[in-house]
Amino acid sequence: ISNIGNSAPVIIVAKRPGRSSIRLTKFDSVDLYLGNSTVTTSTGDLFAGDKGAFVIYNDGDAIYCITSTGTANVSYRECF
């Protein structure tokens with residue numbers, strides 16, 4: 001997923017009830033905030049770190065993302 005910005009949440013991956021986990025990997029050093037469709041920099045889970053950092057969520061919910069400044073790029077891998 002490319003060009004995640006700070007103006008509105010971007011969906012990273014849709015809800016998938018059969019998914020056991022998802023791994024998100026950063027391609028930039030920009031801080032990201034993860035959450036639902038209304039995520040903000042105040043309400044989201046901070047995904048900080050350098051290029052190559054990753055986080056794993058163990059559920060099938062949809063994940064949205066926003067940055068505090070600039071743009072970012074992430075990839076994901078789902079496990080079922």
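Quick note: residue numbers are just sequence positions, from 1.
- In terms of heavy atoms, Thr71 sits closest to Gly5 at CG2-CA, 4.3 Å.
- Here the straight-line distance linking atom CD1 of Ile22 with atom CG of Asp59 works out to 9.0 Å at 0.5 Å rounding.
- Of all non-hydrogen atoms in Tyr76 and Ile12, the two that sit nearest each other are CE2-O, 3.5 Å.
- Of all the heavy atoms in Pro9 and Ser37, the pair that sits closest is CG-O, 3.5 Å.
- The minimum heavy-atom distance between Ala48 and Ala53, with the atom names listed, is O-CB, 4.1 Å.
- Linking ILVMFWY residues whenever their side-chain heavy atoms come closer than 4.5 Å, directly or via other members, leaves Phe47 and Phe27 in distinct clusters.
- Here CG of Asn3 is found 6.0 Å from CG of Asn73. Values are rounded to the nearest 0.5 Å.
- Judged as a side chain to side chain donor-acceptor pair (under 3.5 Å), and not counting sequence neighbours, Asn6 has no contacts.
- Hydrophobic cluster membership of Val39, counting Ile, Leu, Val, Met, Phe, Trp and Tyr whose side-chain heavy atoms lie under 4.5 Å apart directly or via other members: Ile11, Tyr33, Leu46, Tyr64, Ile66.
- In this view, Ser42 satisfies the side chain to side chain donor-acceptor pair (under 3.5 Å) rule with no residue, not counting sequence neighbours.
- For the salt bridge (charged side-chain N to carboxylate O under 4.0 Å, His left out) condition, no pair includes a residue of residues 3-12, sequence neighbours left out.
- To the nearest 0.5 Å, the span separating SG on Cys65 from CD1 on Ile1 amounts to 10.0 Å.
- Within the 4.5 Å cutoff, the side chain of Tyr57 has heavy atoms near those of the Leu34 side chain.
- Two different hydrophobic clusters hold Val55 and Val30 under the rule that ILVMFWY side chains link at heavy-atom gaps under 4.5 Å.
- Among pairs with a residue in residues 70-80, those fulfilling salt bridge (charged side-chain N to carboxylate O under 4.0 Å, His left out) read Arg16-Glu78, Arg19-Glu78, at least two apart in sequence or across chains.
- In the hydrophobic clustering (ILVMFWY side chains linked at under 4.5 Å, chained through shared members), Phe54 is joined by Ile56.
- Legend: salt bridge (charged side-chain N to carboxylate O under 4.0 Å, His left out) pairs involving residues 24-41, not counting sequence neighbours: none detected.
- Put simply, the side chain of Ser21 never gets that close to the backbone of Cys79: no donor and acceptor are under 3.5 Å apart.
- Scanning for side chain to side chain donor-acceptor pair (under 3.5 Å) contacts around Asp61 gives an empty result, with sequence neighbours left out.
- For Thr43, the side chain to side chain donor-acceptor pair (under 3.5 Å) partners two or more places apart in sequence, or in a different chain, are Thr40.
- Summarising the geometry of Ala72 relative to Leu32, their closest heavy-atom pair is CB-CD2, 3.4 Å, with the distance given to 0.1 Å.
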